[in-house]
Colleague: 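Shown below is the structure under consideration.
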Amino acid sequence: MNRYRSHHNAELRKSDIGAQATLAGWVDVRRDHGGVIFIDLRDREGLTQVVFRPEENAELARQAHHLRTEDVIQVSGRVAPRIAGTENPKLATGDIELLPSSLTILNRAENLPFHLDDEVKNEDLELTYRYYDLRRPRLARNLRLRHRVTQAAREYLDAQGFVEIETPILSKSTPEGARDFLVPSRLAPGKFYALPQAPQQYKQLLMVAGVEKYFQIAKCFRDEDLRADRQPEFTQIDIEASFVRPEEIYALTEGMLAAVFKAARGIDVPTPFPRMTYREAVDTFGSDKPDRRFGMQLVDLADVFRGSEFKMFRGALDSGGVVKAMNAKGFAGITIGQVDELTAMAKQYGAKGLAFIKVENGEWKSPIVKFFTDAEKQALASKLSIEEGDCIFFAADRWEIATEVLGRIRLRIAEIQQLTASSDVLDFLWVTEFPLMQFDAAEDKWNAVHHPFTRPKADDLPLLEEKRYGEVRAEAYDVVLNGVEIGGGSIRIHEPELQAKLFSAYGVDEQQQQAMFGHMLRAFRLGAPPHGGIALGLDRLVMLICGELSIREVMAFPKNNRGMDLMSQSPAPAERRQLRDLRLRLAADERAQSESKSPPER
RNA sequence: GGAGCCUUAGCUCAAUUGGUUAGAGCGCCGCCCUGUCACGGCGGAGGUUGCGGGUUCGAGCCCCGUAGGCUCCGCCA
């Protein structure tokens, strides 16, 4: 037998005592007593203690003195019981230890850039040495959990008759949506591929192809600014099916998520998930992806202030707006700094200011209370269940602004009060009946909220004809987990006439339609079945399953805030020759910049 | 494009109101240590306080600029 190891490092037990074993792995830690030396040998499965005793093998002990953390070694020897009283219950292998008769140093580790057992906050450094950082048990566990998730999703979808089909990475730029990554074509000089923002068009064309049930664990690319939960390349579990109604997509998604959580966490997720319309979600939580793990719901106060003397509230109502409030329980101790922060937040989202009432020592403390009548106060107290120690926040504005302001403040207060910090609740929710279109004031045109292939609700087709675009609801839905949108989809348009009508509504004229979406419109004329689907953000989903706050923690090689891979130093300048092949020339000033930009020192 | 926070030893951090030679833990090097499991003990090396400028008798600390990082807004059909 000529193998590197006979067992992994979480395998040996009492029952192996007396046996010969060969182990391999990394030196996790050396405890050198001058005489006896202990090594914790680590591999991906766990730790085994290796003991070098000078009286048993002086030469090996001498070598073991020089072992350092993260050296890669192989040891062979006898499995022995630990001396009574020195067993380590924290280790699966804590009852035994290996007494080696041979030691091979497979590779030395030089000085380490950081310690794996520390919580390093210098993410820059961790990303530079990502291959080393990934040895951390937490990250290693995350990668393996991610594998469990994709594996469970594949098995589930396969069992439901879905076929995994790969779609092109070199594809075509789409005018709507996010900025595309472009790839210059050598064979067609001056022309560009785009990396897909999603396999949207391809999966619809697969429905026209008669596939009926498609899925893909698909890499997607969007050239936009990054966030903790946004990377330029990310992965979707992409699903499309023919002859389906939303109900079938809901049931399929619920079944898949239940299978995933069972496989990854051993949790039984109750299905079906509750549902809420977009309107209701924004009305009561100020968000289209409500976090319902805590209350603090928005309450409508139109009834209370319809005839009020208080000009701020009355004015908002008279001009078609709303007055809404929410009760932050036990938040009367709000600090001046927090008031300033929340007020700044309110202004950032378009409010003129932020009115609030603190309830302290039985007294309502606020500059606006003096404008309220007793009846108004009573109505407030009852509608908002106001008690000692509460803090009430008000917004009086257009519906969109008032709900968003209170929704954002609600989340910030929950953060300050740590309302979800220790929660292990998994609150799944469908948000339905999204608006189809949204007016973009900057562009002075209507855009698709979801994407231009989204089907309007049949009931709202007359509204579309009347060009009351803002009121048309879409056959679109999002699945939300604990206030995070983990997926979204819709039933699509399969009729060329309706699709063309919607393109026109989005400001895409006939000529552009042919140039950009001609293949879609032609496909729809060759017998396109009704179809619809959903896409789930795999990275976000795994992030939530792993209890992480950033998707970088569940990706093997993520990019930093500026979209750079610090490890490989990409993106990097192109060789002159590569540019020549592509018939590309850099503008002079950018060339100078690109050449002078050397990698950061390290 | 904008806002906030951050940048001191290889790593994590400290340094009173602007005041002597910028400290500690871990890591590293050397010596000691035979049952530890974050082993322990003694000693040592290691710093252009991100960079540039200013104020001051004196700046890690105050001011201006700049670079980088993170979070957020815009953006993300």
Colleague: Tabulated below should be each protein N or O lying under 3.5 Å from an N or O of nucleotides 29-34 of chain B; please produce it.
Modeller:
| residue | atom | partner | partner atom | Å |
| --- | --- | --- | --- | --- |
| B/C29 | OP1 | A/Arg68 | NH1 | 2.5 |
| B/C33 | N1 | A/His33 | O | 3.4 |
| B/C33 | O2 | A/His33 | O | 3.4 |
| B/C33 | N3 | A/Asp32 | O | 3.3 |
| B/C33 | N3 | A/His33 | O | 3.4 |
| B/C33 | N3 | A/Gly34 | N | 3.1 |
| B/C33 | N4 | A/Gly34 | N | 3.4 |
| B/U34 | O4' | A/Val36 | N | 3.3 |
| B/U34 | N3 | A/Glu55 | OE1 | 2.9 |
| B/U34 | O4 | A/Glu55 | OE1 | 3.3 |

Colleague: Under a 4.0 Å N-O cut-off, is there an ion pair linking A/Glu110 with A/Arg68?
Modeller: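 Salt bridge: no.
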Colleague: Please report the distance separating the P of B/G65 from the corresponding atom of B/C70, rounded so that it comes out in whole Å.
Modeller: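 It comes out at 23 Å once rounded to the nearest Å.
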Colleague: Could you tell me which residues satisfy side-chain hydrogen bond (donor to acceptor under 3.5 Å, both in side chains) with A/Glu97, sequence neighbours excluded, listed by chain and number?
Modeller: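 By the side-chain hydrogen bond (donor to acceptor under 3.5 Å, both in side chains) rule, A/Glu97 matches A/Gln49.
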Colleague: Any side-chain N or O of A/Asn560 under 4.0 Å from OP1/OP2 of B/G69?
Modeller: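 For B/G69, OP1/OP2 do have a side-chain N/O of A/Asn560 under 4.0 Å.
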Colleague: Do NZ/NE/NH1/NH2 and the carboxylate oxygens of A/Asp40 and A/Arg31 come within less than 4.0 Å?
Modeller: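 So A/Asp40 pairs with A/Arg31 through a salt bridge.
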Colleague: Salt bridge or not for A/Arg13 and A/Asp16, using N-O below 4.0 Å?
Modeller: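 Looking at A/Asp16 together with A/Arg13, the answer is no, because their closest N to O distance does not fall below 4.0 Å.
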Colleague: Both distances under 3.5 Å, Watson-Crick or G-U wobble: report the partner of B/U48, or none.
Modeller: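 Partner of B/U48: none found under 3.5 Å.
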Colleague: Identify each atom pair where a protein N or O and an N or O of nucleotides 44-50 of chain B are less than 3.5 Å apart, giving names and distance.
Modeller:
none

Colleague: Could you check how far CD of A/Gln49 sits from P of B/C39, rounded to whole Å?
Modeller: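 Between P of B/C39 and CD of A/Gln49: 10 Å.
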Colleague: Would you say A/Lys90 places a side-chain N or O within less than 4.0 Å of OP1 or OP2 belonging to B/A38?
Modeller: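 The answer is yes; a side-chain N or O of A/Lys90 sits under 4.0 Å from OP1 or OP2.
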Colleague: Rounded to the nearest angstrom, tell me the gap between atom CD in A/Gln197 and atom C1' in B/C76.
Modeller: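 From A/Gln197 CD to B/C76 C1': 9 Å.
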Colleague: If you compare every side-chain N and O of A/Arg562 against the phosphate oxygens of B/G68 (OP1, OP2), does one of them come in below 4.0 Å?
Modeller: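 Result: yes.
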Colleague: Any protein N or O atoms within reach of nucleotides 72-74 of chain B? Criterion: under 3.5 Å, listing atom names and distances.
Modeller:
| residue | atom | partner | partner atom | Å |
| --- | --- | --- | --- | --- |
| B/C72 | OP2 | A/Ala228 | N | 3.2 |
| B/C73 | OP1 | A/Arg408 | NH1 | 3.1 |
| B/C73 | OP2 | A/Arg227 | NE | 3.0 |
| B/C73 | O4' | A/Gln348 | NE2 | 3.3 |
| B/C73 | O2' | A/Gln348 | NE2 | 3.4 |
| B/G74 | N7 | A/Arg227 | NH2 | 2.9 |
| B/G74 | O6 | A/Asp225 | OD2 | 3.4 |
| B/G74 | O6 | A/Arg227 | NH1 | 3.1 |
| B/G74 | O6 | A/Arg227 | NH2 | 3.2 |
| B/G74 | N1 | A/Asp225 | OD2 | 2.7 |

Colleague: Could you name each residue pair satisfying salt bridge (Lys or Arg N to Asp or Glu O under 4.0 Å) that touches residues 436-453 of chain A, not counting sequence neighbours?
Modeller: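 Residue pairs with at least one partner in residues 436-453 of chain A: there are none.
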Colleague: Hey, is the side chain of A/Arg31 poking within less than 4.0 Å of OP1 or OP2 on B/A38, counting only N and O atoms?
Modeller: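 For B/A38, neither OP1 nor OP2 has a side-chain N or O of A/Arg31 closer than 4.0 Å.
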Colleague: Can you tell me how the ring of A/Tyr278 sits relative to the ring of A/Phe434, calling it parallel under 30°, perpendicular over 60° and tilted otherwise?
Modeller: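 The rings of A/Tyr278 and A/Phe434 sit tilted, inter-plane angle from 30° to 60°.
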Colleague: So, using salt bridge (charged side-chain N to carboxylate O under 4.0 Å, His left out) as the criterion, who are the partners of A/Asp460 when residues are at least two apart?
Modeller: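 A/Asp460: salt bridge (charged side-chain N to carboxylate O under 4.0 Å, His left out) contacts with A/Arg473.
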